[in-house]
Amino acid sequence: MTQTMIGIVGGSGLYDIPGLAGAEWQEVETPWGAPSDAILVGELGGVRLAFLPRHGRGHVHSPTTVPYRANIDAMKRLGVTDLVSVSACGSFREEMAPGDFVIVDQFIDRTFARDKTFFGDGCVAHVSLAHPTCPRLGTACREAASAQGVHVHDGGTYLAMEGPQFSSAAESKLYRAWGADVIGMTNMPEAKLAREAELCYASVAMITDYDSWHPDHGSVDITAIIETLGANAEAARGLVAALPGKLDAERATCPHGCDRALDHAIMTARDR
Ligand code: ADE
């Protein structure tokens, strides 16, 4: 058995976790440089928890410049076993409305200007991403979010775009036709790196807008997003507070194999 440690990577609007016992901001060094910020470590509901504001306090990292490898590595070094991404997103579906949360279970990665792997320099690995999120952790997040009275969608495909500009209407309609449900700028390469780090990963995408495909909603602008973000962030704080109650303080190996992702993934000969 391993001690559960929850990691939260908080997106826009979520910059701290109230009620964290013994909370302390810790600086963590990694071979990939510094994470987005110091990491707030403490205990919530009897479970250890580490919180990292993805964009840094004061929102200083753009989606492209977030140090994704350092962030995941730092969480791993602190002992995180269960990593939850909380982020804002746009919706491609009428029924997925602003204020709703989506427990993402698939990704389409359209980012192109980010370091996406820990491997490749002397050691080559190809992990499976067929099922990029952990269903066990996703269920815990869904239950914790539902308990806040949020309308939660169980499953959805997240299209990760490079940004920082929002999509054109033509792109928005294209991504919709591809079957994407929501769009954001930060879950990739985060999900890929979490898998390489053998962390259970779940993504809670909080809808702020209808992107730019919807005939009755104008183009996306940041002022409208920030208005919805406030309410979403309040529900996200409730979700985080409820999460320890949904996970055991000690955990066995992940039934979905997230914590053994490298067992059959490394190609480089061991005796090199
Ligand atoms: N984050 C919030 N809304 C978004 C959108 N429409 N596109 C990309 N990222 C977003």
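For reference, positions follow the sequence shown, starting with 1. Order of appearance sets the numbers: ligands from 1, and atoms from 1 within every ligand.
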Any sub-3.5 Å donor-acceptor pair from [X]'s side-chain atoms to [Y]'s backbone N or O?
X	Y	result
Arg176	Phe92	yes
Glu196	Lys192	no
Asp109	Thr111	yes

Do the ring planes of Tyr158 and Phe107 sit parallel (below 30°), tilted (30 to 60°) or perpendicular (above 60°)?
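Aromatic pair Tyr158/Phe107 classed perpendicular.
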Please check if the distance between the ring centroids of Trp213 and Tyr175 is under 6.0 Å.
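Judged by ring-centre distance (under 6.0 Å), Trp213 and Tyr175 do not meet the cut-off.
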Using a 4.0 Å heavy-atom threshold (strictly under), name the region of Cys89 that reaches ligand 1: side chain, backbone, both or neither.
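It is the backbone that touches ligand 1; the side chain stays farther off.
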Answer side chain, backbone, both or neither: which part of Ile183 comes under 4.0 Å from ligand 1, heavy atoms only.
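It is both backbone and side chain that touch ligand 1.
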Any idea which atoms of ligand 1 are less than 4.0 Å away from a heavy-atom of [X]?
X	answer
Met161	8 (C)
Ile225	2 (C), 3 (N)
Asp211	5 (C), 6 (N), 7 (N)
Ala88	1 (N), 2 (C)

Considering only the protein, which heavy-atom contact is closest to [atom], and what is its distance?
atom	result
atom 9 (N) of ligand 1	Gly184 CA, 3.5 Å
atom 2 (C) of ligand 1	Thr208 OG1, 3.3 Å
atom 3 (N) of ligand 1	Asp209 OD2, 2.6 Å
atom 4 (C) of ligand 1	Gly90 N, 3.5 Å

Step by step, would you call Tyr15 with His59 a side-chain hydrogen bond (donor to acceptor under 3.5 Å, both in side chains)?
CA-CA 9 Å; Tyr15 299 106; His59 207 102; 2.9 Å; yes
Under a 4.0 Å N-O cut-off, is there an ion pair linking Arg114 with Glu162?
yes
